[in-house]
Amino acid sequence: MEPLYKPHGVEERWQRTWEEEGLYAAGAGARHDKTFVICVPPPNVTGALHMGHALNGSIQDLLMRWHRMRGFDTLWQPGYDHAGIATQNVVEKQLALEGTSRKELGREAFVERVWEHLDATGKTIMGQFRRLGASMDYGRERFTMDDAYIEAVMRFFVHLWERGWLYRANRLVNWCPFHETAISDLEVQHVEVDDALTYARYPFADGPLADGRASLTIATVRPATILGDVAVAVNPDDERYRDAIGKEVVAPFVERPVPVIADARVEKEFGSGALKVTPGHDAVDFGIGADHGLPTLTVIGPDGRMNETAGELAGLTQEEADERVVAWLTEHDQLEKRESYRHSVGTCERCHTRIEPLISLQWWCAMEEPARPALDALRERRVRYHPESQHQFAIRSFEEIPDWNISRQLWWGHQQPLWYCPDGHVTCTWPPPEACAECGSAELERDPDVLDTWFSSALWPCATLGWPERTPELERYYPGNVNSTAREIIRLWENRMIWTGLEVMEEVPFTDVIIHSTILAADGRRMSKSLGTGLDPLDVIAKYGADATRYGLLKMSSTQDVRFAEGAIEEGRKLANKLWNVSRLLLSKRAEPVSRPQSLEERWILARIDAVRAEVEEAWAQFDFSPSVQVLYRLIFDDFCDWYAEAIKPRLGESEVRATALAALERLLLLLHPVMPHVTEEIWSQFHVDSPLGRLIVAEWPEAAGTHAADLHAFDRVQEAAAIFRRSGVVVELEDDELRIFAAVVRPERAKTNGNAEAELARLRVEVERGERMLANEKFVANAKPDVVEAEREKLARYRRELDALSG
RNA sequence: GGGCGCAUAGCUCAGCGGGAGAGCGCUCGCUUCACACGCGAGAGGUCCCUGGUUCAAUCCCAGGUGCGCCCACCA
C-alpha cells in the first residue's frame with residue numbers, strides 16, 4: 001500500500017455515510033436526556049464559504065461531535081438569511097448587466113426575479129459546510145423567508161407595536177443613493193479617501209467689519225452643499241470671530257444671506273475655524289440646526305443628484321455641481337484655496353456607494369426598555385461572551401444603545417405589517433386587517449418598506465424552532481447552549497437575539513457566545529475578495545483535506561487577529577498521515593497469544609492519554625481550542641508514535657501487546673475525532689466494522705484506564721536517560737523494564753557513541769549549582785508554593801544522581 | 001477621538017511569576033522492515049524600550065514606541 005494517507009475520497013465517503021445513516025440528525029446516538037444545542041449563524045443565502053465560516057464551522061463541529069460522543073441529545077440546525085440589501089444588490093447588478101433595472105421591472109416582478117435567482121444559484125453554502133465535515137442536521141434547513149418564518153417576523157413586529165416601542169420619525173439617516181434606502185450606522189463602512197478641501201469666502205452682508213475684514217472663510221469638502229447652507233457657525237471661544245457673531249454673511253452661488261452663529265461643536269483648529277451649516281446633509285449640522293431653530297434645506301435627492309431646490313444645478317451629479325460651484329467661486333474671486341485632504345467617508349458596505357446623509361421618514365424601535373432585561377442577563381452572566389473582553393464590550397453596547405431604524409426602502413425582505421387609511425391612521429395587525437383600527441375605513445394601503453435584515457435574524461433561535469407555535473422542538477431545544485461568531489456582529493446580531501429571546505420566550509437563547517479570531521491574509525491585511533487577499537477554504541481543503549484544514553484553523557483560533565499560516569494546515573496534514581501510518585503498523589502484524597501483565601510503556605501510554613484527555617476536555621469546556629490541538633499533536637507524534645510504538649514494535653507479534661496497542665489507539669481516535677473526524681473514522685472502521693452504532697461519530701467515551709502517575713514518572717526517567725545518552729553516550733541507571741524500553745527506542749547499536757560527555761557534565765554541574773542556590777534561599781523556601789519547592793528538591797536530587805552516574 | 005488586542009527563534013504562533021517552546025525553514029547524520037510527507041542530532045532569542053512591585057519578572061503594574069482590528073458626526 002502507498003505509505004501516504006490520501007484524504008480525498010475518504011472524506012467525501014464518510015460525509016455521505018454519516019448523513020445517510022442519519023448520524024447528523026438531532027438526537028442521533030443520544031444516551032441521556034441532556035440536550036446540547038448550537039445556534040448557527042445563518043449565512044447569506046447567496047454567500048459562498050469563506051475562511052471565517054470555515055473556522056467557525058470547525059469550532060462548532062468540534063463541540064457538536066464532542067457532546068454527541070458524550071451521549072447528549074444534540075441539535076445543530078442549519079439555515080440561510082435572506083440578507084435583504086446584500087441579495088437585492090446582487091440581483092440589481094445582474095439586471096444592470098442586462099441593461100434593465102428593478103424600477104423597470106416593478107416590485108412584483110423584481111421579487112419574483114430574486115426568487116428565481118436564489119433557486120438557480122442560492123443556498124449552495126451548506127454543500128460546502130458538508131465538505132468541511134460539519135455535522136449539521138441538514139434535513140432541518142430553515143430560511144428567513146420561509147412562510148413559517150415570515151409568520152414569526154410579522155407576529156414579533158406586532159408584538160413590539162403592542163408594547164409601544166415602535167414609532168415613526170423624520171431624522172437624518174444614512175442614505176445609500178444606489179439602493180435608495182436608509183441603512184443603519186452599523187452597515188456604513190468608513191473608508192479613507194483623498195478629497196479636496198475648498199476654502200470659500202462668504203462676504204459680510206452689511207459690508208466690512210469694524211476691523212476692515214470683508215468676508216469670512218469656511219472650509220468644505222463638498223462645495224455643492226453650499227446651496228443648502230442656512231448659517232455659518234464658529235466656536236464661541238474663538239477670538240478671531242467674536243465680532244462676526246450675530247452678523248450675516250452671504251452664501252456664495254445662491255447669494256443668500258445667512259446668520260453667523262456660535263456653537264461649541266465647531267472645532268477651532270479645523271480648516272478656517274468657521275463651519276458652514278447644512279442641516280439637510282450633515283449629521284453635525286443637523287444637530288446644530290435643530291438647536292438653533294434653523295430651517296433645513298434639502299438640495300440633494302434620494303438618487304444622490306441635485307434636486308429642484310438646487311435651481312439651475314438640478315439634475316446634476318454632486319461632482320458636476322461641485323465643479324460649477326467652484327467655478328462660480330473662482331469667477332467671483334471668492335475661492336481662497338483648494339488643498340488636498342485625506343479623510344474618512346461613509347460608504348454602503350454592500351455597494352460601496354458614498355453615503356448621503358438625508359432627512360427621511362423612518363420607523364424606529366425604541367431600545368432602552370427592551371435592552372434592560374438583556375443587560376441584566378449579561379451582568380448576571382446568564383449569558384457569557386468568551387473571551388471576557390468581548391463580554392464587557394457587549395455590556396457597554398447595551399448600556400448606550402441608540403434606537404433602531406428598522407425600515408428599509410428595499411423590495412426584497414419582510415414588508416412591514418403596517419397599513420395606512422386615507423386619513424393617515426396607522427393600523428398594525430397580523431394577519432392583515434380588514435379595516436382601519438381607528439376609523440374603520442376599508443381603504444387601506446400597506447407600507448411599502450421592508451424590515452432591516454437583522455430584524456428577522458434577531459429571531460433566529462426561536463423562529464427556527466417554530467415560534468410563535470409552541471412546537472415540541474421549541475419545548476425541547478430552547479434555550480440552546482452555544483453561539484459562535486465573529487466580533488463585528490455582536491451588536492448587529494448577538495445582543496439582539498438575547499433581548500428578543502427574553503422578550504418572547506422569557507429566557508436567554510443560549511448561555512455562551514464564542515467570539516472567534518479573525519483570520520487575516522498572510523500579509524496581515526484583511527481577507528477580502530475586492531482586495532484580492534481572499535483565500536478560498538475549499539481550495540485549502542482540496543489541497544490538504546478537510547481534517548487538516550480543521551486542525552490548522554483551530555490552531556489559528558487563539559488570538560483576536562491571526563495571520564493565515566499555511567504551515568498550521570500542513571501540520572494537520574502531517575498528523576493525519578502519521579496516525580494513519582501508525583495504525584497500519586498496529587494492524588499489519590499477525591499476533592500469537594502470549595499471556596503477561598501490562599508492561600511499563602503500556603501503563604504509561606494509557607495514563608498519558610487519560611491525562612491529555614482531561615486537559616483537552618477542560619480546555620474545550622472553556623472554549624479554548626488552539627492549545628488543545630497542539631497537545632494532541634504532541635501526544636500522537638511524540639508519545640504514541642516515537643516512544644510507545646517504537647518500544648512495543650519488537651513485540652507486536654504478541655497478542656497481548658497488540659490488544660493493548662489497539663485499545664490505546666482507540667482512545668486516541670476518540671480524543672482526536674472532534675478535531676479530525678474523517679481520518680479517525682477511517683481507521684476506527686477497520687476494527688469496528690458492523691452497525692452504525694460502531695461509528696466513531698456516536699461512539700461512547702470510555703472511563704479512564706485507571707493507570708498511575710507513578711508510571712508517568714518512571715517513563716520520564718527513561719526519556720531523560722535517552723536524552724543524556726544521545727548527547728554523551730552514557731546510560732544512567734535504569735530498572736530492567738526501563739532499560740528494555742530504552743534499548744528498543746534508542747537502539748544503541750545505531751546511535752552515535754562519540755557524543756560529548758564533558759558537555760553533559762558541565763550542563764549538569766550548572767543545574768546542580770542553580771538548584772542548590774535556590775534551595776539555600778530562605779525567602780524562596782518560605783514564600784514559594786510547597787509543590788514548587790518540592791519539585792526543585794526532586795530536580796536537584798535527580799541532577800546529582802545523574803552527575804554521579806556520569807562522572808563515576 | 002473612544003474601545004479592544006498584539007509585540008517571544010528567519011516566518012506563523014504557543015507559554016504568562018521559579019530551568020526560553022512548537023510547526024515551517026536552515027545545518028549535519030541515517031534506505032531503522034508504519035511513515036524519507038520519516039527518524040535522530042544541531043544552529044538560531046538583550047522574550048519591543050524605560051521604570052516599578054517581588055527573594056525571584058518574558059509573565060504582574062505604570063509610562064513609552066510600533067502595529068492590527070472595531071466603534072465614532074472634525075466640516
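Reminder, nothing fancy here: chain letters follow the sequence lines and each chain counts from 1. This structure is a prediction, so every number in the text was calculated from the model and none was measured.
- Scanning for salt bridge (Lys or Arg N to Asp or Glu O under 4.0 Å) contacts around A:R798 gives A:E720, with sequence neighbours left out.
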Problem - Candidate pair A:L672 and A:L635, rule side chain to side chain contact (heavy atoms under 4.5 Å, CB included), full reasoning - result: CA-CA 10 Å; A:L672 189 64; A:L635 175 70; over 6 Å; no
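- To the nearest whole angstrom, the two C1' atoms, one in B:G45 and one in B:C26, are 16 Å apart.
- The side chain to side chain contact (heavy atoms under 4.5 Å, CB included) search around A:D238 returns A:N235, A:R240, A:Y241, A:K268, not counting sequence neighbours.
- Side-chain atoms of A:Q390 never come within 3.5 Å of backbone atoms of A:I515 as a donor-acceptor pair (strictly under, hydrogens ignored).
- Taking atom P on both B:U12 and B:G51, the two are 29 Å apart, rounded to the nearest angstrom.
- What separates NZ of A:K578 from P of B:G38 is a distance of 7 Å, to the nearest Å.
- If you find the closest nucleotide of RNA chain B to A:M556 and to A:R770, the one lying nearer the 5' end belongs to A:M556.
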Handout entry: Verdict with reasoning, A:R222 to A:Q318, per side-chain hydrogen bond (donor to acceptor under 3.5 Å, both in side chains)
Key = CA-CA 8 Å; A:R222 301 173 64 196; A:Q318 286 182 57; 2.8 Å; yes
Atom pairs under 3.5 Å, N or O on each side, protein against nucleotides 21-26 of chain B: can you list them with distances?
from  : atom 1 : to     : atom 2 : distance (Å)
B:A22 : O3'    : A:R634 : NH1    : 3.2
B:A22 : O2'    : A:R634 : NH1    : 3.1
B:G23 : O4'    : A:E571 : OE1    : 3.4
B:G23 : O3'    : A:K574 : NZ     : 3.3
B:G23 : O2'    : A:E571 : OE1    : 3.3
B:C24 : OP1    : A:K574 : NZ     : 2.2

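- A:L275 places its CG atom 12 Å from the P atom of B:C74, with the value rounded to the nearest Å.
- Under the side chain to side chain donor-acceptor pair (under 3.5 Å) criterion, A:E794 pairs with no residue, sequence neighbours left out.
- One interatomic measurement links the two molecules: CD1 of A:I519 to P of B:C13, which rounds to 11 Å at whole-angstrom precision.
- Counting only residues at least two apart or on different chains, the salt bridge (Lys or Arg N to Asp or Glu O under 4.0 Å) pairs with a member in residues 387-399 of chain A are A:R379-A:E399, A:R381-A:E388.
- Side-chain proximity of A:R563 to B:U12, B:A34, B:A75: nearest is B:U12.
- Projected onto RNA chain B by closest heavy-atom contact, A:F637 and A:G273 fall at different nucleotides, the more 5' of which corresponds to A:F637.
- Using a 4.0 Å heavy-atom cutoff across all strands shown, A:S558 reaches sugar-phosphate atoms only and no base atom.
- The listed nucleotides are B:A75, B:C55, B:C35; the one nearest the side chain of A:F780 is B:C55.
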Tabulate atom names and distances for all N/O pairs under 3.5 angstrom spanning the protein and nucleotides 58-63 of chain B.
none

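- Rounded to a whole Å, the CZ atom of A:R773 is 18 Å from the P atom of B:C55.
- Closest contact between the side chain of A:V221 and the listed nucleotides B:A75, B:A34, B:U12 involves B:A75.
- For A:E646, the side chain to side chain donor-acceptor pair (under 3.5 Å) test picks out A:K649, with sequence neighbours left out.
- A:A661 meets the side chain to side chain contact (heavy atoms under 4.5 Å, CB included) test with A:L586, A:Y644, A:I648; sequence neighbours excluded.
- Note on A:K795: a base of the nucleic acid sits closer than 4.0 angstrom, heavy atoms only.
- For A:T220, whose side chain is taken as the heavy atoms from C-beta onward, the closest listed nucleotide among B:C55, B:C35, B:A75 is B:A75.
- The distance from atom CG of A:D263 to atom C1' of B:A75 is 13 Å, rounded to the nearest whole Å.
- The side chain of A:L4 has B:C37 as its nearest neighbour among B:A34, B:C13, B:C37.
- Look at A:E792 and A:R770 and you find a salt bridge, because one of the NZ, NE, NH1 or NH2 atoms lies within 4.0 Å of a carboxylate O, short of that distance.
- For RNA chain B, the stems formed by at least three consecutive Watson-Crick or G-U pairs, with both atom-pair distances below 3.5 Å, span B:1-7 with B:65-71, B:10-13 with B:21-24, B:26-30 with B:38-42, B:48-52 with B:60-64.
- Across all strands shown, A:D642 has heavy atoms under 4.0 Å from sugar-phosphate atoms exclusively, and none from any base.
- Ring centers of A:F742 and A:F725: under 6.0 Å apart, within the cut-off.
- Distances from the side chain of A:C641 to the nucleotides B:A34, B:G40, B:G15 place B:A34 closest.
- Residue contacts for A:V789: at a heavy-atom cut-off of 4.0 Å it reaches no nucleic acid atom on any strand shown.
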Completion exercise
Reading nucleotides 2-7 of chain B from 5' to 3' and marking B where a protein heavy atom lies under 4.0 Å of the base, S where only the sugar-phosphate is that close, and - otherwise, the string is -SBS--
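- Distance from the side chain of A:E646 is smallest for B:C35 among the nucleotides B:A75, B:G18, B:C35.
- If you take NE2 of A:H8 and P of B:C37, they are 17 Å apart, rounded to a whole angstrom.
- B:U27 and B:A43 have their P atoms separated by 15 Å, given to the nearest Å.
- Taking atom P in both B:G63 and B:G2, the straight-line distance is 14 Å, to the nearest Å.
- A:K6 has its NZ atom 12 Å from the P atom of B:C37, to the nearest Å.
- Qualifying salt bridge (Lys or Arg N to Asp or Glu O under 4.0 Å) partners for A:D561, counting only residues two or more places apart in sequence or in other chains: A:R487.
- The side chain of A:K779 lies closest to B:C55, out of B:A75, B:C71, B:C55.
- A straight line from CG of A:N783 to P of B:U54 spans 12 Å, rounded to a whole angstrom.
- Take A:D639 and apply the salt bridge (Lys or Arg N to Asp or Glu O under 4.0 Å) test, not counting sequence neighbours, and it matches A:R608.
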